[in-house]
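Below you'll find the structure, written out as structure tokens, and then a few comments.
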Amino acid sequence: GDAILLGRRKEDLVFGGLWEPPGYDSAHERKHEASTVGATLGVRLRAANERGTVRHVLSHRRMEVRVYSGALASAVARASGPEYERFALVERSKLGSLGLSTLARKILALC
């Protein structure tokens, strides 16, 4: 439907407690097809389509984030990940009620 998979970041990390589309550091990852992206995030995707790139600057580093979207082929496979305390499917109309970082808002604008 119109729901988006979001992860709530663990409190002790950068952006701790904020919600964001789940992601991972692909610095060492060469493949970005649906199976690789889905396996890394613990979900099964039908397909992952590249939506664009977001550039974001923090005080200590510059980030270039490739944004992908895809339809879930199965329910969320795990309740947490190395950076997330939990995942939730959130309707677009409810995004304004969640704590989202500026980076998350930039990413969501592409989806």
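Count residues from 1 along the sequence.
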Inset, instruction - Applying salt bridge (Lys or Arg N to Asp or Glu O under 4.0 Å), name anything that partners R105, two or more places apart in sequence or on another chain. - result: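 R105 satisfies salt bridge (Lys or Arg N to Asp or Glu O under 4.0 Å) with no residue once adjacent residues are dropped.
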Inset, instruction - For R55, check salt bridge (Lys or Arg N to Asp or Glu O under 4.0 Å) against everything at least two apart and list the hits. - result: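 Only E64 meet the salt bridge (Lys or Arg N to Asp or Glu O under 4.0 Å) criterion with R55.
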Legend entry - Under-4.0 Å salt bridge between K10 and E85: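 Not counted as a salt bridge, because no side-chain N and carboxylate O are separated by less than 4.0 Å.
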Working to the nearest 0.5 angstrom, can you tell me the gap between [X] [atom1] and [Y] [atom2]?
X   : Y   : atom1 : atom2 : answer
D12 : E83 : CG    : CD    : 10.5 Å
L18 : L13 : CG    : CG    : 11.0 Å
S97 : E91 : OG    : CD    : 11.5 Å

Legend entry - From CA spacing to verdict: side chain to side chain contact (heavy atoms under 4.5 Å, CB included), Y84, R9: CA-CA 4 Å; Y84 302 101; R9 292 187 58 86; 3.9 Å; yes
Inset, instruction - Find out whether L5 and P21 are in side-chain contact, i.e. whether some heavy atom of one side chain is under 4.5 Å from a heavy atom of the other. - result: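 No. Closest side-chain heavy atoms not under 4.5 Å.
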Inset, instruction - Dump the intermediate steps for side chain to side chain contact (heavy atoms under 4.5 Å, CB included) on R62 and V57, then the final yes or no. - result: CA-CA 4 Å; R62 295 176 188 273; V57 179; 3.8 Å; yes
Inset, instruction - Using atom types as modelled and distance alone, determine if a side-chain donor or acceptor of R51 lies under 3.5 Å from a backbone N or O of L110. - result: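 Answer holds: yes.
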Inset, instruction - Of all the heavy-atom pairs spanning G17 and E11, show the shortest one and how long it is. - result: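 Where G17 meets E11 most closely, the heavy atoms are CA-OE2, 3.5 Å.
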Inset, instruction - Give me the other members of the hydrophobic cluster that L6 sits in, counting Ile, Leu, Val, Met, Phe, Trp and Tyr linked by side-chain heavy atoms under 4.5 Å, directly or via other members. - result: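 Taking Ile, Leu, Val, Met, Phe, Trp and Tyr as members, L6 shares its hydrophobic cluster with I4, W19, V90, L95, L98, L100, L108.
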Legend entry - With sequence neighbours excluded, residues passing side-chain contact (heavy atoms from CB on, under 4.5 Å) with L103: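 Result, side-chain contact (heavy atoms from CB on, under 4.5 Å) vs L103: F15, V54, H56, M63, V65, S101, I107.
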